[in-house]
Trainee: 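Sharing a structure with you now.
Here is the naming used below: chain letters follow the sequence lines, and residue numbers restart at 1 for every chain.
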Amino acid sequence: MVVPLIYAVNNAFKPLDEIFMFPPTLFVRNPTMNNFIDLFGLLGNSWVPFSRYIFNTFFITGMGIIGHVLLASAAAYPLAKHKFPGKSFMFSIVVLSLMFTPAVTAIPNYMIMSWLGLIDTYWAVIIPAFAYSLGLYLMKQFMEQIPDVLLEAAKIDGASEYRIFWTIVMPNVKPAWLTLIILLFQILWGSDGNGFIYSEQLKSLHFAANQVVAGGIARAGAAAAVALILMSVPITLFVFSQSRIIETMATSGMKD
Amino acid sequence: MQNWWNLKLREVKANKHSYVLLAPYMVLFALFTVLPVLVSVVLSFTYFNMLEFPRFVGWQNYTRLFLDDDVFLIAVKNTLLFAVITGPISYIACFVFAWIINELSPKLRAVMTLVFYAPSISGNVYFIWLMIFSGDRYGIANGILLKFGFILEPLQWLKTEDYILPIIILVQLWLSLGTGFLAFIAGLQTVDRTLYEAGAVDGVRNRWQELWFITLPSMRPQLMFGAVIQITTAFAVADVSIALAGFPSVNYAAETIVTHLIDFGTTRFEMGYASAIASVLFMIMVGSNLIVQKLLRRVGE
């Protein structure tokens with residue numbers, strides 16, 4: 001499983017003559033930072049400053065995550081703990097939406113985006129991420145295990161539902177936040193604009209990385225370096241949040 | 001009847017805060033998920049090129065899909081092949097690896113979880129595989145085969161029809177230990193230990209019986225959730241195909257329903273036709289999910 005990843009890590013530190021060596025090797029012999037230096041040289045010369053791509057990816061990822069965690073939690077709370085007309089209908093539609101991929105809705109989505117005037121803005125990527133259905137699903141399942149007694153007690157003390165949500169429910173579902181953060185991070189970090197973003201200065205890090213890779217053989221070293229940078233960020237995040245994510249997944253089951 | 005409506009209305013009013021909390025999410029969800037599915041179904045019965053107003057054409061797009069479009073049939077064949085192979089294998093692999101990992105000490109378990117989950121979280125770095133299966137002799141695959149003399153000259157892995165599908169399946173499997181895998185690990189940890197003791201008293205003799213009669217039924221909810229995730233990904237193969245085999249691939253060897261949809265939606269601007277493809281894909285995905293859900297309800301009965 002990890003062999004391709006080990007290969008990728010090693011390739012990033014191989015000098016060019018080792019990348020193009022026969023027979024090819026898995027491990028690097030004379031590690032060098034040249035690929036990274038090349039990469040930064042390459043990016044320093046790009047038409048749009050490289051820091052711009054970094055900012056774009058961070059902005060999209062950050063806004064998407066904040067919005068999604070807030071909106072999905074707010075929606076998950078009544079679905080998990082309240083009884084009201086339309087509840088089971090709404091939840092079953094969300095579950096149904098887990099059963100198909102975004103490719104199904106790509107064309108109408110483009111039309112809706114253009115109708116809303118969001119084409120070629122960050123928001124075309126950010127706003128749909130708010131309504132990502134797996135996040136709501138996991139959050140709702142996790143909230144169900146909050147003891148009702150806790151909520152009842154707050155209600156007797158005169159707290160409003162909004163207050164209960166913010167001061168009691170939210171602090172209790174921290175593991176689920178982390179899970180939603182990681183899920184969204186994975187999607188948004190790797191996003192290349194989903195076909196909604198055309199302006200070079202709004203494009204993402206992942207798009208810039210693909211440009212480097214598209215340089216072909218001459219850039220094999222820089223491409224390996226960029227692959228390492230792109231994959232190390234989500235993996236590091238997962239290392240630190242693993243136990244919380246597993247805790248959330250324990251409640252992920254679909255009940256009959 | 002009047003009474004029933006009044007009752008419902010009063011219920012809605014009493015739960016005003018629930019709707020307020022739900023509203024922001026649900027509005028966006030309706031706008032970006034529910035509405036597009038409906039629009040897609042409507043458009044699939046029209047001729048629409050983004051410039052003129054959609055013109056109703058009845059079932060024409062669908063008849064063209066199944067009767068006149070040879071490439072679509074290749075796409076369906078490939079997609080089903082991917083789904084039938086990667087779906088069950090990845091699902092079983094998710095469970096087996098989770099089951100093995102569950103027996104380890106917590107420290108080792110955390111490390112192994114990372115090892116198995118790393119490929120799916122490492123983002124869209126399929127180009128590692130481009131380096132492995134590159135067509136010159138510096139790619140690992142060619143290098144090893146050449147070195148040991150199995151082949152005399154480098155193989156054009158990603159440009160030869162016979163190799164493209166197996167390679168995509170391999171990469172797809174490599175990527176497939178994702179959310180479902182994590183759900184299984186978590187599910188195994190929540191199985192009530194006392195059930196195993198009770199099982200031993202009731203005559204469970206070996207690990208297999210324990211697995212079938214106790215472990216699997218206890219984690220049925222996670223099994224259902226994992227199935228949804230794995231099935232949906234198994235039918236949605238596109239990114240890997242485009243990244244490795246190119247778009248379009250050699251002689252459409254790696255064409256899938258999703259790449260066919262991308263072709264008509266973003267290259268040819270035949271939106272009505274593309275919507276018909278999307279609707280077919282929707283039916284296949286949701287249909288197979290619902291069938292598998294039915295089957296999984298029977299586990300351990």
Side-chain angles (χ1 to χ4, degrees), chain A residues 1-2 4-5 7-8 11 20-24 71-72 74-75 77-78 82 84-85 90 93 96-101 103-109 112 127-128 130-131 133 136 161-162 165 186 189-190 195 206 213 223 227 230-231 234-235 238-239 242 245-246 249-250 252-256, chain B residues 8 11-12 15 17-18 21-22 24-26 28-29 31-34 36-37 39-40 110 113-116 118-119 121-125 127-128 131-132 137-138 140 143 147 182-183 185-187 189-190 221-222 224-225 228 232 236 238 258 261 265 271 274-275 278 281-282 285-286 289 297:
Chain A
M1 290 301 284
V2 274
L5 291 177
Y7 178 62
N11 252 12
F20 294 106
M21 188 171 63
F22 182 82
L71 261 59
Y77 170 51
H82 293 166
F84 55 90
M90 285 190 222
I93 290 195
L96 190 71
S97 78
L98 295 176
M99 298 183 180
F100 57 86
T101 46
V104 168
T105 54
I107 294 169
N109 252 335
I112 290 165
I127 293 178
F130 288 177
S133 46
L136 171 64
E161 285 293 343
Y162 310 108
F165 165 68
Q186 239 177 305
W189 177 254
H206 203 268
V213 178
L230 278 183
M231 67 188 222
I235 291 181
F238 180 72
V239 169
Q242 188 186 353
I245 294 177
I246 299 287
M249 290 297 169
S252 69
M254 286 187 172
K255 286 145 212 153
D256 303 271
Chain B
K8 277 284 162 198
E11 240 180 286
V12 169
N15 289 292
H17 43 261
S18 305
L21 285 168
L22 268 167
Y25 181 92
M26 282 301 166
L28 293 180
F29 181 72
L31 196 57
F32 295 114
T33 306
V34 181
V37 170
V39 170
S40 188
T113 307
L114 177 67
V115 165
F116 286 115
I121 204 186
S122 56
N124 313 340
V125 288
F127 43 87
I128 300 170
M131 299 185 212
I132 293 176
R137 61 196 189 113
Y138 309 113
I140 287 260
K147 192 179 167 207
L182 294 184
I185 293 179
Q189 288 175 18
T190 56
Q222 273 86 10
M224 308 249 268
F225 173 67
V228 168
T232 311
V258 177
L261 169 64
M271 296 309 183
S275 296
L281 181 66
F282 176 81
M285 282 181 166
V286 173
N289 263 303
R297 295 226 163 94

Trainee: What is the minimum heavy-atom distance between Ala74(A) and Leu21(B), and which atoms define it?
Mentor: O-CB, 3.3 Å

Trainee: Under 4.5 Å from any heavy atom of chain A, what part of Thr190(B) do you find: side chain, backbone, both or neither?
Mentor: side chain

Trainee: Check Val104(A) against Ala278(B) and note the closest heavy-atom contact, atom names and distance.
Mentor: O-CB, 3.5 Å

Trainee: With a 4.5 angstrom heavy-atom cut-off, which part of Ile93(A) approaches chain B: side chain, backbone, both or neither?
Mentor: both

Trainee: Test your reading of the model: is there a side-chain donor-acceptor pair from Gln222(B) to the backbone of Ala250(A), 3.5 Å cut-off?
Mentor: yes

Trainee: For Phe84(A), is there any backbone N or O sitting under 3.5 Å from a side-chain donor or acceptor partner on Asn15(B)?
Mentor: no

Trainee: Hey, could you give me the CE/CE distance between Met254(A) and Met224(B), rounded to the nearest 0.5 Å?
Mentor: 7.5 Å

Trainee: Pick from His82(A), Met90(A), Met99(A): which one has the most heavy-atom pairs with chain B under 4.5 Å?
Mentor: Met99(A)

Trainee: For the backbone of Leu98(A) and the side chain of Thr232(B), can you confirm whether one donor and one acceptor N or O come within less than 3.5 Å of each other?
Mentor: yes

Trainee: So what's closer than 4.5 Å to chain A heavy atoms on Val258(B): side chain, backbone, both or neither?
Mentor: side chain

Trainee: Which heavy atom in Leu114(B) sits nearest to a heavy atom in Gln242(A), and how many Å separate them?
Mentor: N-NE2, 4.3 Å

Trainee: If you look at every heavy atom in Met249(A) and Ala183(B), which pair is closest and at what distance?
Mentor: CB-CA, 3.8 Å

Trainee: Name the region of Tyr162(A), side chain, backbone, both or neither, that has any atom closer than 4.5 Å to a heavy atom of chain B.
Mentor: side chain

Trainee: Measure the shortest side-chain to side-chain distance between Pro4(A) and Ile132(B) over non-hydrogen atoms and say whether it is less than 4.5 angstrom.
Mentor: yes

Trainee: Write down the atom of Tyr25(B), the atom of Ala75(A), and the distance for their closest heavy-atom approach.
Mentor: CB-CB, 3.5 Å

Trainee: Of the non-hydrogen atoms in Ile107(A) and Ser275(B), which two are nearest, and what is the gap between them?
Mentor: CD1-N, 4.3 Å

Trainee: Pick whichever of Pro85(A), Pro108(A), Ala72(A), Ala8(A) has the most heavy-atom pairs under 4.5 Å with chain B.
Mentor: Pro85(A)

Trainee: Between Asn109(A) and Phe32(B), is there a side-chain heavy-atom distance shorter than 4.5 Å?
Mentor: yes

Trainee: Taking side chain as everything from C-beta outward and backbone as N, CA, C, O, which of these in Ile246(A) sits under 4.5 Å from a heavy atom of chain B? Side chain, backbone, both or neither.
Mentor: both

Trainee: Taking ring-ring contact (aromatic ring centres under 6.0 Å, His included) as the definition, give me every residue that meets it alongside Tyr7(A), ordered by chain and number, with sequence neighbours left out.
Mentor: none

Trainee: Within this structure, what is the OG1-CZ distance for the pair Thr113(B) and Phe238(A), rounded to the nearest 0.5 Å?
Mentor: 6.5 Å

Trainee: For Leu261(B), is it the side chain, the backbone, both or neither that has a heavy atom under 4.5 Å from a heavy atom of chain A?
Mentor: side chain

